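Predicted, not measured: the structure shown is a model, and the values here were computed from it. Lettering of chains follows the sequences in order, A, B, ..., and the numbering in each one begins at 1.
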Amino acid sequence: MPATDFLAQLNPSQRRAVEHFCGPLLVVAGAGSGKTRALTFRIANLVLTHRTDPDNILAVTFTNKAAKEMKERIEVLFADQEARVKHGKALSALTDYEQTKLRSHVYKNLTKHLWIGTFHALCSRILRFDIEKYQHPDGYRWTKTFSIFDESDAQGLVKTIVVKTLNLDDKKFNPRSVRYAISNAKNQNLSPDELERDQPNYRGRVIADVYRHYQKSLAENNALDFDDLILMPVKLFQQNPEVLDYWHKRFRHILVDEYQDTNRTQYDLIRLLTTNGAAMDRFNDWHHRSTFVVGDADQSIYSFRAADFTILMNFQNDFGDGLPDDDTRSMVKLEENYRSTSNILEVANHLIDNNTERIDKVLRATRGEGETIFCYRADNETAEADFVVTQLRSLELQNPELRWGDFAILYRTNAQSRAFEEVLTRYSIPYQVVGGLRFYDRREIKDVLAYLRVINNPNDTVSIKRVINVPRRGVGKSTLDKLDQAADTLGGIPLWEILADETSVKTLAGRSAKGVLQFANLIKTYQARLESAKGSEIIQDLLETSGYLDSLKGDGTDEDMERFSNVQELYNAVLQFEEQNEDSSLTAFLANASLSSDLDDVKEGGNAVSLMTLHSSKGLEFQVVFLVGVEQGLFPNFRSLEDPAAVEEERRLCYVGITRAKERLFITYARERRLYGSREPASPSLFLGELPPEYITTNAAQGLPKRMAAPINTVRTQNEVSAKPGSGAHESDWTAGDVVVHPAYGAGEITHIFGAGNKICLAVKFPGQGRKILDPKLTKLQRAE
DNA sequence: TTGGGTAAAACCTCG
DNA sequence: TTTTACCCAA
């Protein structure tokens with residue numbers, strides 16, 4: 001029997017990618033060209049045809065959901081092969097019992113061994129083996145029960161360092177932006193010293209200093225932030241050749257999906273694993289080894305977390321043979337689109353053609369023309385939502401094959417979901433909002449997880465402080481300060497060591513000692529049971545004995561009830577985790593919880609309309625897509641307007657949105673939108689002017705907005721002559737930070753500039769009167785200085 | 001130490 | 001409009 005029958009389902013380019021065995025390969029895969037399929041089939045082919053040991057395969061996906069789906073598909077593919085070999089028929093033709101038996105066999109011998117996951121998940125797994133071998137230059141150590149700090153934990157640490165440790169003004173060194181700078185450094189594999197080296201000014205040096213203290217704090221908590229999960233293995237591999245050698249030999253075949261969205265540190269990780277630390281130009285030993293990356297530079301939309309699509313563009317020179325496109329053996333292009341109608345593809349191709357930084361690639365349609373794209377101009381965001389839901393209802397009614405799950409509403413920012421939710425609720429249409437508040441980010445869930453984290457890792461002082469007084473134990477700020485100070489005086493020992501010592505607590509905590517001891521004993525009880533009891537048993541007992549569950553019930557309001565049931569759901573999640581995972585330790589569960597995302601349980605084709613940001617929609621597809629809020633300042637977002645490269649990224653984001661649609665695409669924008677509570681005028685996005693009018697129908701009397709004549713990203717120069725106030729001002733007349741005088745509100749400072757060209761609005765903050773958004777053409781504004 | 005109140009800031013995208 | 005941060009009385 002030909003074991004490779006399944007390859008017949010592929011087109012020639014896909015087949016070339018899948019059958020590639022050793023050496024480097026870049027797969028340039030346009031939207032909807034079957035890249036997930038190529039990845040899945042490739043893994044199957046490695047094992048089936050080349051007898052690759054599943055233990056030698058590492059596959060990096062962009063989301064947990066993609067990882068789960070990939071495992072699932074490989075399992076089915078394999079089970080199907082085995083069914084044909086053993087029983088002579090397809091998997092689906094077997095009895096349920098035989099199917100289950102076959103699949104569990106495949107799981108045991110194959111899927112279980114495959115390392116498939118996100119960079120974060122895979123790295124945290126590596127760290128659970130080897131983190132204790134890492135030696136920090138300042139002598140900090142981490143153990144395998146490390147905590148993973150989320151963004152708010154991280155920002156909290158930064159704030160403490162800025163305000164308390166370094167006595168700086170947190171207005172000037174905003175914890176959020178400092179944390180962002182640190183994150184950026186980590187994503188480029190820079191240590192505090194390395195960051196400091198290229199800082200020309202005071203601010204940069206201060207940030208490097210905060211970074212240094214921040215890393216110390218993390219170490220004291222035995223904690224890592226998200227960026228460390230990847231940075232730490234890279235540092236470890238760089239300092240410890242034996243450890244690197246082990247993982248290098250282990251992962252002979254490396255696959256990376258969404259390669260355009262990798263950052264420098266992730267790239268370093270892949271390079272180290274591939275070359276075992278040999279310099280790139282000296283490495284050519286591809287014996288029984290491959291590095292296979294898949295991506296599309298046109299869909300690179302994560303530069304804000306330091307993703308760099310030039311890494312993809314450089315792959316050919318870096319790992320590959322560097323030959324031109326027609327001769328190369330290390331690149332394959334997938335350009336046939338199997339997803340969308342040709343009208344949708346035309347629109348997408350035209351739009352993205354406005355970008356300058358691209359890899360040469362077109363998307364070829366394989367399907368019919370389809371309907372035209374409809375562009376709707378609404379009066380305001382409520383009218384926009386009304387239009388969308390009206391369309392949704394009539395399409396659903398007229399097309400029996402469409403389910404609610406076939407519809408998606410995609411927007412630039414999470415805050416836009418509300419108007420749609422209201423209308424959908426009014427018509428009782430089921431919907432799911434993806435993103436926004438994650439399940440694991442809810443207050444009550446974070447509380448319970450903090451308890452578990454303390455039990456698992458008593459050095460986690462951040463978590464101790466979160467729950468030592470939840471529920472109320474009469475332990476307030478001053479008590480905590482005293483205990484903290486004592487730990488500090490004793491040479492910076494972990495707070496837990498003070499708490500765990502009864503005499504110390506009694507001496508230090510005074511009246512509150514009882515509460516503190518109660519807490520300490522609670523934690524000790526469960527620490528003792530950590531070895532013998534399951535996580536689910538611990539959590540159940542803990543919720544009772546800590547009094548947390550009782551305190552949650554509160555006054556029995558709806559909100560209280562919801563909190564209560566969320567905690568219940570968390571318990572179920574632990575149970576489920578224990579059933580489904582080999583390593584069901586508390587540490588593993590906590591890592592899983594930290595790394596889970598809202599996207600993980602999105603059901604495609606289910607019975608609910610999906611509402612999500614364009615970022616979240618990457619990799620998904622829907623029969624009908626509504627791309628909403630396509631207005632200047634919102635999309636492209638005003639923060640990107642001054643930077644041409646940033647506008648290109650917004651355009652790629654728009655491209656991603658358009659290419660999610662299979663059958664129908666609607667684009668909407670409003671003339672007026674509620675922002676910060678007050679109504680503000682809005683103008684159509686520059687992207688609308690870039691769409692080919694012949695493929696688009698619109699309700700706007702004047703048709704599609706005209707293409708902007710002048711380049712939108714003119715660099716603002718200081719010496720441009722400023723027009724008189726109120727006389728048709730140009731963008732260049734105003735700069736954020738300028739002080740202006742308004743006839744009614746008086747003097748205020750410009751905080752943001754929305755829009756570009758002739759249509760701009762200014763956000764001006766007037767002391768005592770709040771923020772106003774003004775059109776300089778309609779309001780007489782005078783420059784103050 | 002706790003709870004309620006008011007004022008100011010925030011809304012860009014995410015693991 | 002909604003969320004968070006800080007102040008003060010009990």
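- A nucleotide of DNA chain C counts as in contact with chain A when one of its atoms lies under 4.0 Å from a heavy atom; the first and last such, 5' to 3', are dT1(C) to dC6(C).
- Residue K477(A) contributes atom NZ, which lies 17 Å from atom P of dG3(B) at whole-angstrom precision.
- Y440(A) does not carry K446(A) over the face of its six-membered ring by the limits of under 6.0 Å from the centre and within 45° of the normal.
- Under the 4.0 Å criterion applied to side-chain N and carboxylate O atoms, R418(A) and E381(A) are not assigned as salt-bridge partners.
- Considering CD1 of I409(A) and CD of E384(A), their distance stands at 9.5 Å, rounded to 0.5 Å.
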List every contact pair, protein side and nucleotides 13-15 of chain B side both N or O, where the distance is under 3.5 Å.
residue, atom, partner, partner atom, Å
dT13(B), OP1, N414(A), N, 2.6
dT13(B), OP1, N414(A), ND2, 3.0
dT13(B), O4', R412(A), NH2, 3.2
dT13(B), O2, R412(A), NH2, 3.1
dC14(B), OP1, T613(A), OG1, 3.1
dC14(B), OP1, S616(A), OG, 3.2
dC14(B), OP2, N414(A), ND2, 3.4
dG15(B), O6, E151(A), OE1, 3.3
dG15(B), N2, D227(A), OD1, 3.2

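- Checking E444(A) against N566(A) by side-chain atom types alone, a donor-acceptor pair falls below 3.5 Å.
- Cation-pi geometry between R305(A) and Y302(A) is satisfied (NZ or CZ under 6.0 Å from the ring centre, within 45° of the ring normal).
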- Query: Taking it one step at a time, do D268(A) and N189(A) satisfy side-chain hydrogen bond (donor to acceptor under 3.5 Å, both in side chains)?
  - Reply: CA-CA 8 Å; D268(A) 284 345; N189(A) 195 1; 2.9 Å; yes
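- Taking atom P in both dC6(C) and dC11(B), the straight-line distance is 16 Å, to the nearest Å.
- Taking side-chain N and O atoms only, R472(A) has a distance below 4.0 Å to OP1 or OP2 of dG3(B).
- K35(A) has no carboxylate O lying under 4.0 Å from a charged side-chain N of D296(A), or vice versa, which leaves the two without a salt bridge.
- Going from atom CG of L675(A) over to atom P of dA9(B) covers 17 Å, rounded to whole Å.
- A donor atom on one side chain and an acceptor atom on the other are not found under 3.5 Å apart for T145(A) and N457(A).
- N469(A) comes within 4.0 angstrom of the backbone, heavy atoms only, and of no base.
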